[in-house]
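Numbers here are sequence positions counted from 1. Counting starts at 1 for both ligands and their atoms, following the listed order.
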Amino acid sequence: MNEGVGDLPPDLRVKQNLRAIEHCVVEDTAIADRKKERGQYCATDMDTYQNSSDVDRKPSHPGDRPIIIGGSDSEHAVNRQPPISSRKQAFVPDEKILGEPREPEEIRLPLDYTRIDILLMKNIAPAISPPSGIGDNKPGNQAVLDWVHDVELLAKPENVFWCDGSERERDYLLQEAMRQNVLIKLNEKKVPRSYLHRSNPNDVARVEQFTFICSPTKEEAGPTNNWSEPAETYSKLHELLKGAMCSRTLFVVPYIMGPPDSPLTKVGFEITDSIYVVLSMRIMTRMGEIAVKRLGNDPAAEWNRGVHSLLDVDPARRFICHFPQDNTIISVGSGYGGNVLLSKKCLALRIGSYLARKQGWMAEHMLILGVESPEGKKHYVAAAFPSACGKTNFAMLIPPQHFAGWKVTTVGDDIAWMQIRDGRLFAVNPENGYFGVVPGTNYKSNPNAMKSIEHDSLYTNVALTDDGDVWWEGKDGSPPKHAIDWRGNDWTPDSKEKAAHPNSRFTAPCRNNPVLDPDFEIGDGVPISAIIFGGRRSGTLPLVFQSFDWEHGVYLGATMASETTAAATGAVGQVRRDPMAMLPFCGYNIGDYFRHWVDTGKRLTNPPLIFKVNWFRKGKSGKFLWPGFGDNMRVLKWIIDRCEGSDGALKSPIGWLPGLHDLDLAELEIDHHCVDELLEIDHEDWKKELAEHKKFFDSLGGVVPEELLKQREELAERFKE
Ligand code: SAT
Ligand code: MN
């Protein structure tokens with residue numbers, strides 16, 4: 001399913017991979033000629049810096065400081081928090097469950113490249129030359145100016161473009177992106193103000209095997225993360241970034257994550273050489289002037305430093321590195337999604353989860369939805385599902401006819417930042433847009449998503465029809481007779497290849513969503529009545545059940561498992577443990593993360609109820625038992641009833657289950673045998689499941705809090721009763 005990248009990490013020691021990043025030959029000969037005139041053509045050493053920076057945009061601080069592109073508020077030197085869990089034994093990786101954690105020495109830099117390699121390299125992101133008044137709005141914060149200057153010294157771009165988020169800027173960048181064939185304009189009548197982007201076929205999903213948490217010690221990154229020593233990693237990444245933006249434009253993208261007036265809101269700056277990233281960040285975040293204003297001029301203010309360069313989009317040089325103690329991210333070699341929109345998985349989840357534990361809040365891979373009864377009683381629910389398991393569909397659910405008068409509204413579809421107030425959890429969605437899976441989206445499965453992407457959207461890796469519209473597998477209507485597929489090749493319904501990549505995506509503003517919750521931007525967040533954990537499991541897990549209490553609920557989250565999807569490279573459809581759907585996104589030791597969950601419960605006087613759902617259970621015939629989509633309202637209704645104090649539930653060893661009459665199945669064509677199967681707890685299956693829980697906890701090498709080990713024992717005991 002996944003294209004291009006294999007499962008194995010690249011061995012950068014192999015000579016044939018050693019093409020250099022240091023410099024590039026430009027497609028755009030005009031720019032090359034200008035540089036030749038100025039005697040700068042692919043100059044390599046630092047001395048040429050004064051010349052190689054753009055003449056119109058003098059750096060703020062030419063000087064001889066050492067280049068530090070990580071955070072100046074680094075915790076490395078002082079004040080570092082020790083990990084809080086007690087560890088009993090060294091980590092022994094269980095490859096089946098965790099993939100292949102890599103040793104730090106596996107980041108090897110290609111230092112013995114040849115000049116020929118450099119000359120052969122094609123510049124995939126030629127510099128642009130904005131007219132005055134566009135791209136020259138520098139922020140006043142000296143710390144930002146110094147950092148940009150340092151990256152400029154290192155990456156040697158043709159010029160620096162300071163984004164301010166204005167419409168004039170957007171229009172200009174769109175024109176440039178089309179000129180460079182980074183974007184294709186879609187039919188204005190069919191999908192107004194929308195564009196198609198095709199990523200490199202080797203670059204179509206997150207790369208978990210090349211994602212690193214670079215905390216000072218391996219123990220702080222924990223057993224589920226790839227770790228790499230920070231100083232060494234910085235220096236290796238610096239090598240890769242040296243001259244990487246030669247003849248390119250360095251864009252500085254200021255953004256905030258969180259509603260404008262929320263105490264949880266964070267400021268980030270992303271440096272990138274990808275115009276597609278800039279245009280995507282405009283949709284996914286609140287971008288530009290708003291962030292510059294929020295940061296202000298205090299050089300000691302907290303903000304995230306993100307550096308991204310496409311390099312030459314070679315999987316052999318693709319690394320997504322996080323330095324949580326420095327609030328810094330460096331991502332190289334990719335141009336796709338969660339690898340490069342640094343606001344999203346990198347800041348809002350990996351760095352966010354680290355900051356959240358330190359600062360006493362929670363950063364979770366959860367959608368947030370509102371559900372309002374016909375009487376006007378409203379609850380908010382947060383739900384964690386792994387990538388590509390239907391978060392966006394659930395967050396935009398339209399209740400079936402039988403539930404007339406019920407309304408579901410979307411606060412967020414991917415990430416929840418939650419804080420405690422008055423003993424309750426309150427959640428905000430830090431994002432401003434949706435980056436959703438396209439295939440399978442249609443007016444039946446998710447009409448609200450379809451309406452959200454009817455205009456002002458970016459599409460990545462879908463097919464282009466002959467009349468300039470977009471198409472994908474599972475779109476309404478019959479397939480076009482001819483189209484250009486996601487790789488840019490001719491496609492007909494007889495083609496063996498898929499027209500759209502299975503992980504093709506839409507990028508659409510939240511404001512497009514017809515059921516956007518009116519409190520989407522409320523700074524204090526919305527009060528959470530229930531938390532749901534959900535995975536994609538063809539067996540064992542019933543449709544829905546409720547935990548006995550908070551700690552049991554944390555256990556349900558910690559032991560979550562799901563079949564892998566095309567959202568990350570690697571095999572699809574394999575069951576893996578994915579605690580709280582955070583396995584790829586927790587920026588620190590998973591044991592400390594579990595502890596943070598347990599401790600948060602102790603601070604809540606009015607905690608949300610915790611549930612587990614599984615929309616994906618299959619019957620003996622191999623078919624899904626549950627219709628899913630809008631009918632998930634029936635499960636949601638039971639959850640809301642429980643929040644309202646209903647006693648319609650049966651006690652089972654695994655938790656509270658709805659009785660047959662507690663689920664409202666009116667007007668649903670479903671066989672009663674299916675319902676029985678959906679709610680069945682098979683003791684033999686659960687014996688295996690319990691053994692898997694143990695295996696998973698054991699694989700974590702002693703970091704799991706006592707409370708959760710006890711939960712497992714109690715679960716085993718309940719099965720004996
Ligand atoms: O990480 S992405 O933003 O590319 C999508 C996902 O995996 O949820
Ligand atoms: Mn996600």
Side-chain angles (χ1 to χ4, degrees), residues 1-5 99 197 199-200 203-211 257 270 274 276-277 280-281 283-285 306 308 318 320 322 329 331 333-353 363-368 382-396 410-417 429-441 449 458-462 501-508 510 532-536 560 562-570 572 576 578-587:
M1 281 282 234
N2 287 292
E3 307 296 323
V5 190
H197 172 72
S199 74
N200 189 313
D203 185 31
V204 293
R206 278 186 294 104
V207 282
E208 293 178 6
Q209 67 277 42
F210 310 128
T211 297
M257 293 305 279
E270 175 167 352
S274 158
Y276 165 74
V277 167
S280 300
M281 290 289 284
I283 298 176
M284 293 306 297
T285 71
H308 165 247
R318 185 166 296 155
I320 323 298
H322 306 72
I329 305 155
S331 161
S334 170
Y336 190 83
N339 297 331
V340 297
L341 309 177
L342 301 185
S343 57
K344 194 172 177 60
K345 307 297 180 177
C346 300
L347 171 54
L349 288 178
R350 298 197 189 96
I351 300 275
S353 60
E364 300 299 333
H365 191 203
M366 291 178 175
L367 67 91
I368 310 161
F385 293 78
S387 301
C389 286
K391 281 196 295 299
T392 309
N393 292 340
F394 194 38
M396 296 181 180
T410 319
V411 179
D413 81 327
D414 195 38
I415 297 171
W417 281 358
N429 169 14
E431 301 192 279
N432 203 27
Y434 307 120
F435 186 65
V437 178
V438 178
T441 305
L458 291 183
Y459 289 86
T460 303
N461 293 342
V462 298
H501 186 274
N503 194 36
S504 52
R505 297 272 171 164
F506 56 75
T507 311
C510 292
I532 301 176
F533 295 116
R536 188 185 277 270
M560 248 175 86
S562 195
E563 287 154 24
T564 49
T565 68
T569 59
V572 169
R576 73 166 180 183
D578 187 352
M580 283 84 171
M582 284 287 279
L583 181 75
F585 307 122
C586 180

Angle subtended at the Mn ion (ligand 2) by NE2 of His365 and OD1 of Asp414, nearest 10°: 90°

Atoms in ligand 1 with a heavy atom of Phe435 nearer than 4.0 Å: 3 (O), 4 (O)

Quick check: do Met580 and Met366 have side-chain heavy atoms less than 4.5 Å from each other? no

Under 4.0 Å from one or more heavy atoms of Ala567, ligand 1 contributes atoms 7 (O)

Under 4.0 Å from a heavy atom of Arg505: which atoms of ligand 1 are those, numbered in the order shown and with their elements? 5 (C), 6 (C)

Donor-acceptor contact below 3.5 Å, side chain Ser331 vs main chain Asn339: yes

Min side-chain heavy-atom separation Met560-Pro386 under 4.5 Å: yes

Counting each atom of ligand 1 from 1 as listed, which ones have a heavy atom of Gly338 under 4.0 Å away? 1 (O), 2 (S), 3 (O), 4 (O)

Between Thr460 and Tyr276: side-chain donor-acceptor atoms closer than 3.5 Å: yes

Backbone or side-chain N or O of His365 under 3.5 Å from ligand 1 N or O: no

Is it the case that the side chains of Thr565 and Arg536 hold a donor-acceptor pair, with the cut-off being a distance below 3.5 Å and no angle test? no

Is there at least one pair of N or O atoms, one from Lys345 and one from ligand 1, spaced under 3.5 Å apart? yes

I'd like to know if the side chain of Asp413 reaches the main chain of Ala395, judged simply by a donor and an acceptor atom lying under 3.5 Å from each other, with no hydrogens or angles considered. no

In terms of atom number and element, which parts of ligand 1 are under 4.0 angstrom from non-hydrogen atoms of Lys344? 3 (O)

So, the side chain of His365 versus the backbone of Ala581: is there a donor-acceptor pair under 3.5 Å, distance only? yes

Within less than 2.8 Å of the Mn ion (ligand 2), any N, O or S from Lys345? yes

Give me the residue, atom name and distance of the protein heavy atom closest to atom 6 (C) of ligand 1. Ser387 OG, 3.3 Å

